[in-house]
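A short write-up of the structure that comes next.
Residue numbers start from 1 in every chain, and the chains themselves are labelled A, B, ... in the order their sequence lines are given, proteins ahead of strands. None of these values were measured; they are calculated from a predicted model. Every heavy atom of this structure was used, including side-chain atoms; hydrogens, water molecules and symmetry mates were not.
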Protein chains: 2
Amino acid sequence: MHIITFLQQHLPLSAEVVEELQKIIVREHLPKNHVLVRPGQHCRRLFFIEEGLIREHYQSLSGKETTYRFHTEDNFVTADESFIDGQPSQYYLETLEETTLCSISHEDFEQLLKRHPLFEQLHVLVMHQVMREMKERITALQFQTATERYESLLQNQPSIFQRVSLGHIASYLGISQETLSRIRSKK
Amino acid sequence: MHIITFLQQHLPLSAEVVEELQKIIVREHLPKNHVLVRPGQHCRRLFFIEEGLIREHYQSLSGKETTYRFHTEDNFVTADESFIDGQPSQYYLETLEETTLCSISHEDFEQLLKRHPLFEQLHVLVMHQVMREMKERITALQFQTATERYESLLQNQPSIFQRVSLGHIASYLGISQETLSRIRSKK
DNA sequence: TTCGCTTTTTGACTTTTATCAAAGAGCCTG
DNA sequence: CAGGCTCTTTGATAAAAGTCAAAAAGCGAA
């Protein structure tokens, strides 16, 4: 979905605002396996995924990769430590499919919120949703077994298994690839 | 710290706004082990902890208690699913020490944000901070060992060990009480 | 279709953590 | 300070998950 369409579903946008948005939104098409942001880099843009899939991950000192989460179409994504605090990113953002993004700069984003308080509502709404998801994630990691977490994911986002390799899913679940493979074979 | 003092440290408050706040803020003193919110209940107040410590936890079907997190003085706390979405809470909020709280109702909170856009800044700031903490928590649970998580907690919040029983800390770390005890004895 | 590469599975073994049970320590109260 | 709590530790054992290595399966390109 195009970002303007998405915004219109959540907010009543005047023709002027739409025009203003069109001026500041940059649209781009990225190939599969393209690294958008890597640790140490600054990221001053907020992206909206029109189509595609982005993996957010980091590497431990020993070189092991861990998937923090997947971002799919119709969602916003950015290197949040960097976008919000101006710090360098600690994570990678990498496409796992051909991906179409729309993005706006940090400055334009701030301006937009200032000029049109309407956007603040959506901003807060999105943060609430992100926090809800994070809380569920924490409790899942804290007290569910690997098998339970696997089954939740299968329930809530079955399509992810068609789109992402099991190695990436395993690290997202916080388990090794072999363990995930064994969980799957036990059914 | 009193909530007004806290707010003044973050925002320039006019005398009128302070007066307005004083009208809507309710201050209360709770004993140790008081349950503020329990699962199924609605919570329409936002609390600020002036003094004390609150544990947020839930119970699995099997009856096992898991600590989602601890909330300490100079922080806001509420049953977020309930305060934000109007759903019944899924968690307990329970004091682990004598606790002094200031709180405002959901309606007053909304009014305040609407009337004084200044507060929206703090609102967003607090949410950013919460999200930062949650992200760190997720990555810790995902790829650190129990020992590493224990050591991080010891680094970042050493005082918690003086204030909270090891059983609660163990469940916060996502491990059994016995495992925590063994980690501690190995040093 | 075949070669080469990546992903997934399987097996053997080790490490980590949970569980159950009981002992020990600490602490409040009468 | 004695008795009865709760909290913490310790021990033995079981379950869960990790690691390493190799085989199997899948897939894309020549």
Please give, in whole Å, the distance from [N] [atom2] to [X] [atom1]?
| X | N | atom1 | atom2 | answer |
| --- | --- | --- | --- | --- |
| A/Gln177 | D/dA21 | CD | C1' | 14 Å |
| B/Tyr150 | C/dT16 | OH | C1' | 18 Å |
| A/Arg182 | C/dT8 | CZ | C1' | 11 Å |
| B/Phe161 | D/dC7 | CZ | P | 17 Å |
| B/Leu180 | D/dT10 | CG | P | 12 Å |
| B/Leu173 | C/dT16 | CG | P | 17 Å |
| A/Lys186 | C/dT8 | NZ | C1' | 16 Å |
| A/Ile183 | D/dA16 | CD1 | P | 11 Å |

Candidate nucleotides [options], ranked by approach to the side chain of [X] - the nearest:
| X | options | result |
| --- | --- | --- |
| A/Ile175 | D/dC7, D/dA21, D/dG18 | D/dG18 |
| A/Ser181 | C/dT9, D/dG11, D/dC20 | C/dT9 |
| A/Leu166 | C/dA21, C/dT9, C/dT10 | C/dT9 |
| B/Ser165 | C/dT10, C/dT19, D/dT8 | D/dT8 |
| A/Glu178 | D/dT19, C/dT19, C/dA18 | D/dT19 |

Terminal axis angle for the helix from C/dT1-D/dA30 to C/dG30-D/dC1, five pairs an end, nearest 10 degrees
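Computed angle between terminal axes is 40°.
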
Are the aromatic rings of B/Tyr92 and B/Tyr68 close, with centres under 6.0 Å apart?
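Not close enough - the centres of the two rings lie 6.0 Å or further apart.
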
Does some side-chain heavy atom of A/Tyr91 sit less than 4.5 Å from a side-chain heavy atom of A/Thr66?
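No. Closest side-chain heavy atoms not under 4.5 Å.
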
Qualifying residue for ring-ring contact (aromatic ring centres under 6.0 Å, His included) with A/Phe76, from A/Phe47, A/Phe109, A/Phe6, A/Phe83
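Among A/Phe47, A/Phe109, A/Phe6, A/Phe83, the one meeting ring-ring contact (aromatic ring centres under 6.0 Å, His included) with A/Phe76 is A/Phe6.
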
Which pairs count as salt bridge (charged side-chain N to carboxylate O under 4.0 Å, His left out) when at least one residue sits in residues 27-37 of chain A, sequence neighbours excluded?
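Residue pairs with at least one partner in residues 27-37 of chain A: A/Arg27-A/Glu50.
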
Side-chain (B/Arg69) to main-chain (B/Arg55) donor-acceptor, under 3.5 angstrom:
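Here the side-chain-to-backbone pair does not exist.
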
Electrostatic pair B/Lys135:A/Glu133 at N-O distance under 4.0 angstrom
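A salt bridge is absent here (no side-chain N lies under 4.0 Å from a carboxylate O).
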
Would you mind classifying the nucleic acid contact of A/Ser176 as base, sugar-phosphate or nothing, using non-hydrogen atoms under 4.0 angstrom?
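Base, at least one base heavy atom under 4.0 Å.
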
B/Phe70 and B/Leu96: side chain to side chain contact (heavy atoms under 4.5 Å, CB included), yes or no, with the steps?
CA-CA 9 Å; B/Phe70 303 107; B/Leu96 294 185; 4.2 Å; yes

